[in-house]
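What you are looking at is a predicted structure, and each value in this text was computed from that prediction instead of being measured. In listed order, ligands and their atoms are each counted from 1.
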Amino acid sequence: MNTQTTTLTPPAVEISGISKSFGEHLAVHPLNLEIGENEFFSILGPSGCGKTTLMRMITGFETPSSGRVHLGGVDVTNVSTRHRDLNMLFQSYALFPHLSVFENVAFELRVRKVPKAEASQRAQEALELVKLSHLGDRKPDQLSGGQRQRVALARAVVSGPKVVLLDEPLGALDQQLRKEMQYELKRMQREVGITFIYVTHDQEEALTMSDRIAVMSDGVVQQVASPEDIYNQPETRFVAGFIGSCNLIDVTVPAGESGQQVTVNAEDIGALVGVLAEGVSHEQRGTLLLRPERIDVSRTGDGLRGTVETLTFLGEEWHVHLRVGSEIIKISLSSLVRERDLPGLVEGEELVLSWRPQDARIVIR
Ligand SMILES: Nc1ncnc2c1ncn2[C@@H]1O[C@H](COP(=O)(O)OP(=O)(O)OP(=O)(O)O)[C@@H](O)[C@H]1O
Ligand SMILES: [Mg+2]
């Protein structure tokens, strides 16, 4: 997995001190980012957080208010989009309705004056990549939504750019097709070896496809890390709450070094064990982060006690809402654990909770 950029070759994309204001509104706060060659890099965040604006600054469609953009080690800040070695696939991509699938894909090569025979061969290869070579003669309106999406993808990669930026490319597809296309896209990216910068507000999509993810909120990049680290080691309350389900418990940060095991007293719950994440300081308002699937429950033993308020069956797992003091703690139990260790569990029952200290991180609120 390409979770780190190498220092030998320059990064495919390097952003330093990039920011964007629209009048008074700072849409993207000054930010540094390095994206490696052949990396599948996702920008994840809620609507309006600045994802598209950041993409548009990389492509050159938007002029940054500050900072520089380098592509492959070359400063392109003042270079027009046309002369940057990249392609962008917009959410509302448009195919030419009067051209065949094949012609749609070959179009850019024609514009670039690639010799006809070579253009045909490359367009054919791009169609093979997206598994549509048998439909080259069709018109776009004779294709399904997913097939049209594939044509747009073939068109984005056919000229062999170093970087392809994709802004919510699967947004218009239904859930089933979206899942299929996620795997397709990832396979394709590996095959062509192009750097993909992928914008989405779907956390599952980002987790399954990316080498690394940048999580954004309100124009600020909160964390850049591998999917696993984003999920297991969130650095902020926002990241933990945005990605997956998480119990977010208000605490006052106790004294200690980062990484140290501590016990905190949470109002209305009681004493909780956890570890201090980096960047928190004593007495600050903090959040204890605890994933529902990291909590063990049993019928006996010592520890924090709670009462089962709701018990919901979801097939492979059960969701339990446990009332502890005046708070609700979310727990997920695999169906196996539920049947094996807690047979006959009913709402209203009292359970004992426990977790490994390292699974409860204390971050800034
Ligand atoms: N041309 C513009 N003029 C003024 N404000 C703008 C302009 N473009 C974007 N904004 C504002 O900047 C912020 C970031 O917008 P942006 O389009 O980057 O968000 P986004 O993360 O892509 O959202 P979405 O997920 O909805 O596409 C928003 O508050 C938006 O209203
Ligand atoms: Mg957008």
Side-chain angles (χ1 to χ4, degrees), residues 13-35 39-69 71 76-78 80-81 84 86-94 145 148-149 152-153 155-156 163-175 177-179 181-182 185 189 195-210 212-225 227 230 234-244:
V13 178
E14 185 180 358
I15 295 164
S16 29
I18 280 285
S19 72
K20 182 71 193 180
S21 307
F22 294 110
E24 295 282 281
H25 178 60
L26 190 52
V28 176
H29 291 240
L31 134 82
N32 301 321
L33 211 53
E34 278 188 19
I35 301 171
E39 190 171 4
F40 198 122
F41 188 90
S42 293
I43 301 169
L44 173 68
S47 184
C49 73
K51 304 180 296 293
T52 298
T53 306
L54 176 56
M55 294 279 260
R56 287 170 56 82
M57 291 194 282
I58 298 171
T59 57
F61 290 123
E62 196 78 71
T63 310
S65 305
S66 71
R68 318 291 309 169
V69 178
L71 293 180
V76 296
T77 315
N78 300 317
S80 70
T81 303
R84 296 188 187 190
L86 47 75
N87 237 326
M88 181 149 172
L89 182 64
F90 297 94
Q91 177 171 355
S92 49
Y93 60 93
R148 275 199 290 273
Q149 185 64 51
L153 276 169
R155 211 172 51 171
V163 181
V164 173
L165 299 98
L166 306 101
D167 195 350
E168 305 249 7
L170 309 182
L173 305 180
D174 66 49
Q175 194 56 28
L177 201 51
R178 204 177 159 119
K179 281 252 155 60
M181 284 301 291
Q182 288 173 9
L185 257 176
Q189 187 264 344
T195 299
F196 271 29
I197 307 181
Y198 190 92
V199 161
T200 181
H201 61 252
D202 180 332
Q203 40 115 354
E204 193 187 316
E205 193 163 290
L207 288 177
T208 53
M209 294 207 289
S210 321
R212 285 189 308 157
I213 303 172
V215 182
M216 274 185 96
S217 126
D218 282 339
V220 176
V221 170
Q222 299 252 336
Q223 188 170 0
V224 182
I230 288 277
E235 283 169 5
T236 67
R237 181 182 178 118
F238 177 83
V239 172
F242 193 68
I243 289 150

Atom pair CG/OG of Leu26 and Ser65 - distance to nearest 0.5 Å: 7.5 Å

Criterion side-chain hydrogen bond (donor to acceptor under 3.5 Å, both in side chains) on Thr59 and Thr81, from CA distance to verdict: CA-CA 6 Å; Thr59 57; Thr81 303; 5.0 Å; no

Geometric N/O contact Phe22 with ligand 1, under 3.5 angstrom: no

Heteroatom N/O/S of Thr52 within less than 2.8 Å of the Mg ion (ligand 2): yes

Shortest non-hydrogen separation from Asp167 to Met55 and the atoms involved: N-CE, 4.0 Å

Per-atom contacts, ligand 1 versus Ala27 - under 4.0 Å to a heavy atom: 12 (O), 13 (C)

Non-hydrogen atom of His25 closer than 4.0 Å to ligand 1: yes

Any Gly48 heavy atom less than 4.0 Å from ligand 1: yes

Test: Glu34 and Arg212 ion pair at under 4.0 Å: no

Positive for side chain to side chain contact (heavy atoms under 4.5 Å, CB included) with Ile18, one of Val69, Asn32, Thr53: Val69

Per-atom contacts of ligand 1 with Thr52, taking only distances under 4.0 Å to non-hydrogen atoms: 17 (O), 18 (O), 20 (P), 22 (O), 27 (O)

